[in-house]
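It should be emphasised that the depicted structure is a prediction, and the values quoted were computed from it without experimental measurement. Residue numbers begin at 1 in each chain, while the letters A, B, ... track the order of the sequences.
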Amino acid sequence: DCLPAPKDEL
Amino acid sequence: MNAFRFLGDMTHLFSVLVLLLKIYATKTCSGVSRKTQELYLLVFVARYLDLFTDYISLYNSVMKIVFITSSAAIVWYMRRHPQVRRTYDKEQDTFRHSVLVAATFVLALIFNDRFTFREICWAFSIYLEAVAILPQLVLLQRCRNVDNLTGQYVFFLGAYRAFYILNWIYRYFTEGHHSRWIPWIAGLVQTGLYADFFYYYFLSWKNNVKLELPA
């Protein structure tokens with residue numbers, strides 16, 4: 001829950 | 001990947017391709033800001049440095065390559081193509097884009113996820129993307145009469161931002177991650193810059209008249 005959003009966007 | 005993210009990517013892709021095809025087919029680039037295009041090229045290169053180190057998906061990799069090459073092609077046309085370069089409104093395109101680069105780079109040095117080369121490049125690309133449209137908006141305002149394709153280019157770019165914000169809202173509620181505030185703030189600023197343009201674009205569409213921005 002505390003993980004930051006992954007940088008998987010463009 | 002949710003529908004908002006996909007539509008955002010597609011409108012983004014479409015905007016760049018519309019511009020490239022306009023330049024390629026008409027051999028003119030009047031009304032297009034070379035400074036904005038150079039800023040976008042810098043944005044893509046700085047952010048997609050991870051192309052060779054972090055693999056996310058084939059979709060991501062292909063899109064990254066397409067964005068880098070298509071924006072490089074636009075800049076090449078505007079700088080090097082014998083016919084296209086003569087149609088560039090150099091005297092009108094006077095926005096000091098080096099100031100934007102310097103300011104967003106300093107911002108990235110201060111506000112980043114980690115003080116590493118990659119993370120600073122990433123934050124820099126996010127901040128620079130947020131303001132990269134400014135030279136184009138200023139040029140559009142100076143030219144007053146905006147030709148259809150240039151208007152559509154800016155419209156699709158704005159639509160891309162709007163879809164990305166919907167994507168983040170969707171992801172916030174459906175995934176357990178806590179949000180990154182850097183893209184949120186930069187994304188809201190970036191979308192806000194289009195609000196004025198959208199208003200006049202909508203008016204011209206509703207009244208079925210040519211898009212004209214107020215001086």
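Ion pairing between a basic and an acidic side chain is recognised when a charged N comes within 4.0 Å of a carboxylate O; A/E9 and B/R47 show no such pairing. Between B/D113 and B/R118 there is no salt bridge, since none of the side-chain N atoms of the basic residue sits less than 4.0 Å from a carboxylate O of the acidic one.
Only the side chain of B/Y164 comes within contact range of chain A, judged by heavy atoms closer than 4.5 Å. With a threshold of 4.5 angstrom between heavy atoms, B/D50 does not approach chain A through any atom at all. Only the side chain of B/Y48 comes within contact range of chain A, with at least one heavy atom under 4.5 Å from a heavy atom of that chain. In this structure, the portion of B/D9 lying under 4.5 Å from any heavy atom of chain A is its side chain and not its backbone.
Taking each heavy atom of B/Y55 and B/L58 in turn, the nearest pair found is OH-N, 2.8 Å.
Taking the six-membered ring for Trp and the full ring otherwise, B/F198 and B/F155 have centroids separated by under 6.0 Å.
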